[in-house]
Amino acid sequence: MRTGKSKQFQPNTALVVLIIVLIGSVIARAITIAPTDGNLLKEIEAPMPDYPKSVWDESPVGEVTLMFDVNEEGHVEDPCIVSSTFSGTFDLYAVKAIKSHRYEQLGGPSQHMKGVKKRFFFTLDSNPTLPVTAKYPRNALEQGAEGYVVVRFGVSKRGAVRDIEVVGSEPSGMFDVAGREAASKMKFEKTRFNPDDAILHKFTFSLDSKPLIAVGAEYPAEAREQLIHGHVIVEFDINAAGKVENPEAIYSDAGLLETAAIAAVSQFS
């Protein structure tokens with residue numbers, strides 16, 4: 001998926017077409033709600049919970065709401081889960097994070113505050129102000145390979161990405177360079193993250209554009225006679241009516257297959 005004109009692709013029977021999907025991943029966002037009869041709370045330390053590695057493949061989006069006390073020193077006590085969209089998936093990560101939070105009480109003398117709530121949002125969309133399309137690696141196009149890469153980084157006071165490292169990929173190593181290069185070009189709101197926040201971002205590379213209507217490519221007679229086989233990667237735009245525009249073969253094993261692939265993709269909806 002690209003900014004501006006959307007570039008998409010799709011696999012079919014003998015010939016393969018491609019979509020590149022980018023999914024950002026920030027570990028979690030959160031909202032704190034103080035009880036109405038207590039002081040205002042200012043977060044002094046507020047580490048984000050980790051996004052569990054065990055569900056990187058599925059990338060579910062969820063939220064966990066916690067209720068807890070804040071003592072006179074600003075530490076969290078007795079956290080409990082109020083609600084959770086995926087029970088057991090994010091719960092322990094939310095509880096672990098909230099135990100490390102520390103607050104400053106504003107508006108009056110420090111007191112033991114009960115019934116403070118915080119909601120953590122777990123999502124694989126970092127929503128940068130400047131989204132970036134990762135370039136599909138040539139060797140992956142040649143193999144018709146799909147997968148993902150997860151990078152971890154910080155955000156500077158200027159909103160630029162820094163200290164990028166690959167923390168997971170499938171297949172191992174295939175999309176690492178593409179993910180790292182794309183992440184380095186992203187931009188974020190300057191005040192959105194704390195200097196020590198570790199942010200995750202997931203880039204997914206897929207060969208399925210999931211059209212409502214797909215047409216199989218006709219095997220060219222000349223290619224059949226010469227026993228030529230292979231796959232073609234077709235890149236195209238989708239207009240407001242859901243029709244394909246500007247199809248272009250960006251990779252193929254044999255030039256004889258390209259015309260048939262483009263003709264098939266042109267009929268997708």
Side-chain angles (χ1 to χ4, degrees), residues 1-3 9 11 18-30 46-64 84-98 100 120-156 159-188 192-210 233:
M1 189 177 302
R2 298 188 178 181
T3 57
F9 327 71
L18 161 74
I19 182 173
I20 300 175
V21 181
L22 303 185
I23 303 180
S25 157
V26 65
I27 300 172
R29 297 192 295 269
M48 295 187 297
D50 293 330
Y51 194 99
K53 189 173 182 178
S54 60
V55 293
W56 280 359
D57 286 350
E58 298 81 8
S59 309
V61 175
E63 61 180 69
V64 177
S84 175
T85 53
F86 291 97
S87 180
T89 300
F90 302 117
D91 298 0
L92 292 179
Y93 296 88
V95 171
K96 181 179 178 181
I98 201 64
S100 299
F120 286 110
F121 299 92
F122 293 81
T123 176
L124 291 180
D125 181 7
S126 64
N127 192 27
T129 54
L130 177 62
V132 176
T133 299
K135 185 177 180 180
Y136 216 101
R138 176 75 179 185
N139 64 329
L141 293 179
E142 293 174 350
Q143 299 175 41
E146 299 179 304
Y148 67 85
V149 59
V150 178
V151 295
R152 181 168 58 204
F153 54 86
V155 173
S156 71
V161 173
R162 57 176 175 78
D163 303 327
I164 305 168
E165 61 176 327
V166 173
V167 293
S169 60
E170 182 64 40
S172 179
M174 177 164 287
F175 300 106
D176 291 10
V177 173
R180 192 182 294 111
E181 290 180 351
S184 69
K185 300 173 183 177
M186 294 192 300
K187 301 293 183 183
F188 292 88
R192 182 174 170 189
F193 299 108
N194 296 320
D196 57 349
D197 283 344
I199 299 145
L200 295 180
H201 193 108
K202 179 182 177 182
F203 294 94
T204 300
F205 299 80
S206 173
L207 296 174
D208 186 1
S209 62
K210 296 181 173 63
I233 308 297

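Just so we're clear, the structure is a prediction, and the values are computed from it rather than from any experiment.
Between Phe153 and Arg162, the closest heavy-atom pair is CB-O, 3.3 Å. In plain terms, the two heavy atoms of Ile164 and Ala183 that are nearest each other are CD1-C, 4.1 Å. Here the shortest heavy-atom pairing between Trp56 and Pro52 reads CD1-O, 3.4 Å. Closest approach of Lys187 and Ala160 over heavy atoms only: NZ-CB, 3.9 Å. Of all the heavy atoms in Phe205 and Ala134, the pair that sits closest is CZ-CB, 3.7 Å. Across all their heavy atoms, Ala94 and Val64 have their closest contact at CB-CG1, 3.8 Å.
A donor-acceptor pair under 3.5 Å is formed between the side chain of Asp208 and the backbone N or O of Lys210. Looking only at distances, a side-chain donor or acceptor of Glu146 sits under 3.5 Å from a matching main-chain atom of Leu207. In this structure a side-chain-to-backbone donor-acceptor pair under 3.5 Å is missing from Ser87 to Ser84.
Within the 4.5 Å cutoff, side-chain heavy atoms of Val166 are placed close to those of Val149. Residues Phe188 and Asn127 are not in side-chain contact: their nearest non-hydrogen atoms beyond the backbone lie 4.5 Å or more apart. Under the 4.5 Å side-chain criterion, counting only non-hydrogen atoms from C-beta, Phe120 is in contact with Ile98. With contacts defined as side-chain heavy-atom distances shorter than 4.5 Å, the pair Thr89/Val55 qualifies. Proximity of Glu165 to Val167: side-chain heavy atoms (C-beta onward) are separated by under 4.5 Å at one or more points. With contacts defined as side-chain heavy-atom distances shorter than 4.5 Å, the pair Tyr93/Asp91 does not qualify.
The NZ atom of Lys96 sits 6.0 Å away from the CG atom of Asp50 when rounded to the nearest 0.5 Å. Summarising the geometry, atom CD belonging to Glu58 is positioned 10.5 Å from atom CZ belonging to Phe86; distances are rounded to the nearest 0.5 Å. Atoms CE and CD1, on Met48 and Ile199 in that order, are 5.5 Å from each other to the nearest 0.5 Å.
Counted within 6.0 Å of CG on Leu130, heavy atoms from surrounding residues, nucleotides or ligands total more than 12; the atom is thus considered enclosed.
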Considering only distance and modelled atom types, tabulate donor-acceptor pairs under 3.5 Å from the side chains of residues 174-182, sequence neighbours left out.
residue: Asp176; atom: OD1; partner: Ser169; partner atom: OG; Å: 3.0

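Applying the salt bridge (Lys or Arg N to Asp or Glu O under 4.0 Å) rule to Glu63 yields the partners Arg119; only residues at least two apart in sequence or on another chain are considered. The ring-ring contact (aromatic ring centres under 6.0 Å, His included) search around Phe90 returns Tyr51, Phe122, not counting sequence neighbours.
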